[in-house]
Asks: 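The structure under discussion is supplied below as structure tokens; questions concerning it will follow.
Values reported hereafter were calculated over all heavy atoms of this structure, with side chains retained and with hydrogens, waters and symmetry mates removed.
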Amino acid sequence: MERRSSGTDLTGLLSAALTNDVVVFALTPPLCSSLLALKLDPRPYLVGLAGAANAGSALTLIGNPQNILIGQAGNLEFWRYTLIALLPTLLSLGIIYAVVAVTWPIRAGAQVEAAAAHIDRFQLAKALLAIVALIAMFFTPLPREVSALTVAGFLLLSRRLSSREMIGAVDWHLLLLFVCLFGVTAAFAATGVAQAGLSWMEHAGLLPERLSVMTPLTVAFSNTIGNVPAVILIIKLLPDIGEGPLTGLALLSTLAGNLLLTGSMCNIIVAERAASVGARLSFGDFARSGIVMTTLSLAAAAAGLWVTGLMIL
């Protein structure tokens with residue numbers, strides 16, 4: 001139980017600084033390989049990994065792609081948002097740990113001597129230095145995207161890793177999936193159906209500035225077209241949305257992605273990367289914990305947004 005809890009905390013912390021997709025892309029294969037070697041069921045750990053990565057990424061405006069878009073569109077202040085999101089994020093991480101522990105009781109595995117992992121100390125030190133530098137740059141007036149690109153450029157400077165090796169590590173199929181999702185979203189927006197629906201909601205007094213509208217809206221959109229395309233669509237349809245609703249959109253759309261396996265790209269990456277090393281995470285496996293932990297996490301986040309006065313019911 002303690003190992004699972006510490007893993008959840010670590011995943012959430014890394015996702016807040018490095019984006020959730022990057023974290024699960026790197027952690028899923030070694031996690032699965034270790035669990036399979038110990039003859040442990042990897043599914044609860046994979047659900048916990050995806051859930052914690054999503055929840056932890058809600059802490060900052062660089063934690064996931066949709067938060068980056070929201071931060072840029074609304075020109076949100078980085079540390080103000082982080083302070084607002086701190087308590088809901090911590091509560092959500094605790095909820096995810098508890099729900100996974102209850103819905104997936106750990107069964108004892110075989111006692112296997114774990115092989116010592118090879119650690120490239122130079123690359124590790126370089127990565128840690130880059131993270132510290134990136135966080136420090138957020139205290140400066142430098143735009144966030146410039147800070148991130150500067151650090152990324154620094155990391156690409158290497159005499160030990162060739163450019164061919166770096167480019168070969170790119171998951172091109174995943175990038176194609178992203179492109180297709182954006183294409184589908186743009187096509188849907190061009191039909192006028194979304195605008196008509198928004199106009200109807202406006203006449204009915206059901207605009208997304210209210211928690212009672214924003215919460216179900218983000219759940220529905222995030223688990224159909226995905227939370228990144230959903231955020232793009234909402235921002236495009238509501239260009240004048242205020243700071244409070246934008247903060248709510250960032251928190252709620254991220255946490256809503258934990259409902260189903262298709263709720264966020266992070267979940268899909270976990271399932272695909274796990275399958276590549278022989279572990280299977282099905283739609284039903286994820287929903288077993290996802291429905292409960294998402295309901296409770298959204299309730300905690302909505303309560304925080306209401307108490308702070310950022311959004312009304």
Asks: By ring pair (Phe, Tyr, Trp, His ring centres under 6.0 Å), which residues pair with Trp79, not counting sequence neighbours?
Replies: Phe139
Asks: Between Ser15 and Gly63, is there a donor-acceptor pair closer than 3.5 Å when you use the side chain of the first and the backbone of the second?
Replies: no
Asks: Of the non-hydrogen atoms in Asn258 and Ala50, which two are nearest, and what is the gap between them?
Replies: OD1-O, 3.8 Å
Asks: Give the cluster check for Leu91 versus Val102: same hydrophobic cluster or not, with ILVMFWY residues linked at side-chain heavy-atom distances below 4.5 Å.
Replies: no
Asks: Quick check on side chain to side chain donor-acceptor pair (under 3.5 Å): which of Thr254, Asn20, Asp21 does Asn64 satisfy it with?
Replies: Thr254
Asks: With a 4.5 Å cut-off on side-chain heavy-atom distances among I, L, V, M, F, W and Y, is there a chain of contacts connecting Leu281 to Trp104?
Replies: yes
Asks: Hey, any chance Val22 and Val270 share a hydrophobic cluster, counting ILVMFWY side chains that come within less than 4.5 Å of each other, even indirectly?
Replies: no
Asks: Could you walk me through whether Ile84 and Leu310 pass the side chain to side chain contact (heavy atoms under 4.5 Å, CB included) check?
Replies: CA-CA 10 Å; Ile84 294 170; Leu310 288 168; 3.5 Å; yes
Asks: Taking Leu251 as the starting point, is it possible to reach Leu90 by hopping between hydrophobic residues whose side chains are less than 4.5 Å apart?
Replies: no
Asks: Are Phe286 and Thr262 close enough that some pair of their side-chain heavy atoms sits under 4.5 Å apart?
Replies: no
Asks: Quick one: does Met265's side chain get under 4.5 Å of Val228's, heavy atoms only?
Replies: no
Asks: Donor-acceptor pair, distance only, cut-off 3.5 Å: does the side chain of Thr140 make one with the backbone of Ala136?
Replies: no
Asks: Considering non-hydrogen atoms only, spot the tightest contact between Ala301 and Leu252 and give its length.
Replies: CB-CD2, 4.1 Å
Asks: OG1 of Thr294 to CG of Leu255: how many Å apart, nearest 0.5 Å?
Replies: 8.0 Å
Asks: Hydrogens and angles aside, do Ser57 and Asn54 bring a side-chain donor and acceptor to less than 3.5 Å of each other?
Replies: no
Asks: Examine Val100 and Leu10 and state if one hydrophobic cluster contains both, with Ile, Leu, Val, Met, Phe, Trp and Tyr joined whenever side-chain heavy atoms are less than 4.5 Å apart.
Replies: yes
Asks: What is the minimum heavy-atom distance between Leu305 and Gly248, and which atoms define it?
Replies: CD1-CA, 3.5 Å
Asks: To the nearest 0.5 Å, what is the distance between OG1 on Thr247 and CD1 on Ile241?
Replies: 9.5 Å
Asks: Are side-chain heavy atoms of Thr28 and Ile269 found at a separation under 4.5 Å?
Replies: no
Asks: Compare every heavy atom of Leu211 with every heavy atom of Pro216, then report the nearest pair and how far apart it is.
Replies: CD-O, 4.0 Å
Asks: Return the CD1 to CG distance between Ile268 and Leu261, rounded to the nearest 0.5 Å.
Replies: 6.5 Å
Asks: Identify the two heavy atoms, one from Arg280 and one from Asp285, that lie closest to each other, and give their separation to 0.1 Å.
Replies: O-OD2, 4.1 Å
Asks: Nearest 0.5 Å, please: how far is CZ in Phe78 from CG in Asn67?
Replies: 10.0 Å
Asks: Could you report the tightest heavy-atom contact between Leu298 and Ala256, atom names first, then the distance?
Replies: CD2-N, 4.0 Å
Asks: A side-chain contact here means heavy atoms from C-beta on lying under 4.5 Å apart; do Val231 and Ile235 qualify?
Replies: yes
Asks: Before you tell me yes or no, could you show the steps for Tyr45 and Leu40 under side chain to side chain contact (heavy atoms under 4.5 Å, CB included), namely the whole-Å CA-CA distance, both residues' side-chain angles and the distance that decides it to 0.1 Å?
Replies: CA-CA 10 Å; Tyr45 296 91; Leu40 288 170; 4.3 Å; yes
Asks: Looking at Phe221, is its backbone amide N or carbonyl O close enough to the side chain of Thr224 to form a donor-acceptor pair, meaning the two atoms are under 3.5 Å apart?
Replies: yes
Asks: What's the spacing between Leu61 CG and Ile68 CD1 if we round to 0.5 Å?
Replies: 9.0 Å
Asks: Out of curiosity, Thr103 OG1 to Arg43 CZ, how far, rounded to the nearest 0.5 Å?
Replies: 11.0 Å
Asks: Below 4.5 Å, heavy atoms only, C-beta onward: do Leu259 and Ser222 meet side chain to side chain?
Replies: no
Asks: Just so I know, are the side chains of Val24 and Asn267 near enough to count as touching, which here means a heavy-atom distance under 4.5 Å?
Replies: no
